[in-house]
Amino acid sequence: MKKYWLFKSEPDVFSIDNLIKLPESSSTWEGIRNYQARNSLRDDVSIGDEVFFYHSRIDPIGIVGTMEVIKNGYPDHFSFDKKSKYYDIKSKKENPTWFMVDVKFQRKFKNIIPLSELRKHFELSKMVLLQKGSRLSIQPVTESEFKFIMDNLST
DNA sequence: GCCAACGTTGGC
DNA sequence: GCCAACGTTGGC
């Protein structure tokens, strides 16, 4: 069954426009170095799932569009590459610590949906994103939350 | 750029 | 296995 997610990225590092410009408008989603997020990428994020692209640490912060998962979780090979900023000595090829998926651009909203806007809606009050202290960079979104945002807030 | 809230590390 | 110290995230 199709699932829904929200992936955070700092646009200084990787923005939705960067994704659009890549061949096939698709990309690896590497460099996730948090165990809870890793577990989602390894076990739950699946081909066909829909994902909100979220820009953090920029003004304004919020959801900028959607993408689709096109490859299930597989070892994050950047963690094996000494030259990569995502290199991690404890991740071994025969027993990888970190995982990633591939994504493909779907849609960029005409207007960003700011975090402050998301907070206004009772229907979204349970969103992982909006919980106090929440900073998961790969997080689940419920079907009703996803549809509410697409139907009422997307442009 | 600051700093609160988390997550991780490592000494004991 | 506790927990202080350190490192990171991300809203503001």
Side-chain angles (χ1 to χ4, degrees), chain A residues 3-22 27-45 49-69 73-142 144-146 148-150 152-155:
Chain A
K3 297 181 293 303
Y4 302 89
W5 305 93
L6 180 146
F7 290 4
K8 290 180 186 172
S9 183
E10 295 182 34
D12 291 346
V13 179
F14 187 73
S15 70
I16 195 165
D17 290 322
N18 293 142
L19 175 62
I20 290 169
K21 286 185 196 131
L22 288 172
S27 178
T28 51
W29 199 272
E30 73 277 13
I32 301 301
R33 298 290 179 267
N34 166 283
Y35 286 101
Q36 198 178 341
R38 184 282 308 270
N39 292 347
S40 294
L41 290 175
R42 187 187 58 192
D43 304 332
D44 293 328
V45 178
D49 289 355
E50 285 191 84
V51 182
F52 283 132
F53 197 130
Y54 180 89
H55 280 178
S56 66
R57 286 185 67 97
I58 194 168
D59 191 20
I61 52 177
I63 298 171
V64 291
T66 62
M67 47 195 176
E68 178 189 2
V69 178
Y74 62 107
D76 180 342
H77 54 72
F78 294 87
S79 70
F80 310 138
D81 178 1
K82 283 203 171 78
K83 292 195 290 286
S84 168
K85 65 173 169 174
Y86 298 125
Y87 176 67
D88 183 349
I89 194 166
K90 68 179 180 296
S91 182
K92 305 293 180 197
K93 270 183 190 164
E94 57 280 9
N95 185 21
T97 307
W98 305 117
F99 285 73
M100 62 185 182
V101 298
D102 290 356
V103 293
K104 184 178 175 69
F105 169 78
Q106 267 184 342
R107 180 170 160 192
K108 180 182 175 181
F109 300 146
K110 203 178 303 169
N111 302 112
I112 186 171
I113 307 171
L115 181 63
S116 56
E117 174 67 29
L118 297 169
R119 288 196 192 284
K120 286 178 188 163
H121 299 276
F122 167 78
E123 293 85 345
L124 303 176
S125 58
K126 297 257 168 58
M127 270 190 93
V128 174
L129 180 72
L130 304 183
Q131 305 314 303
K132 185 171 153 57
S134 167
R135 53 183 221 193
L136 254 189
S137 54
I138 302 291
Q139 52 177 261
V141 174
T142 68
S144 62
E145 289 161 354
F146 192 91
F148 180 85
I149 291 168
M150 293 306 281
N152 299 285
L153 304 178
S154 71
T155 49

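Only a predicted model underlies this, so the values are computations on that prediction, with no experimental measurement involved. A, B, ... follow the sequence lines: proteins, then strands. Residue 1 opens every chain.
D49(A) places no side-chain N or O within 3.5 Å of a backbone atom of V45(A) that could act as its donor or acceptor partner.
At a threshold of 4.0 Å, the pair D76(A)-R33(A) counts as salt-bridged, since one of the basic side-chain nitrogens sits closer than that to a carboxylate oxygen.
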task = Can you check each nucleotide of nucleotides 3-9 of chain C against protein heavy atoms at under 4.0 Å and return B for base, S for sugar-phosphate only, - for none, in 5' to 3' order?
result = ----BBB
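Regarding H55(A), its NE2 atom lies at a distance of 17 Å from the P atom of dC12(C), rounded to whole Å.
Put simply, the side chain of F14(A) reaches to within 4.5 Å of the side chain of L22(A), judged on heavy atoms.
Side-chain contact of D102(A) with W29(A): a donor-acceptor pair under 3.5 Å is absent, judged by distance alone. In this structure, a donor-acceptor pair under 3.5 Å is present between the side chains of S15(A) and N18(A).
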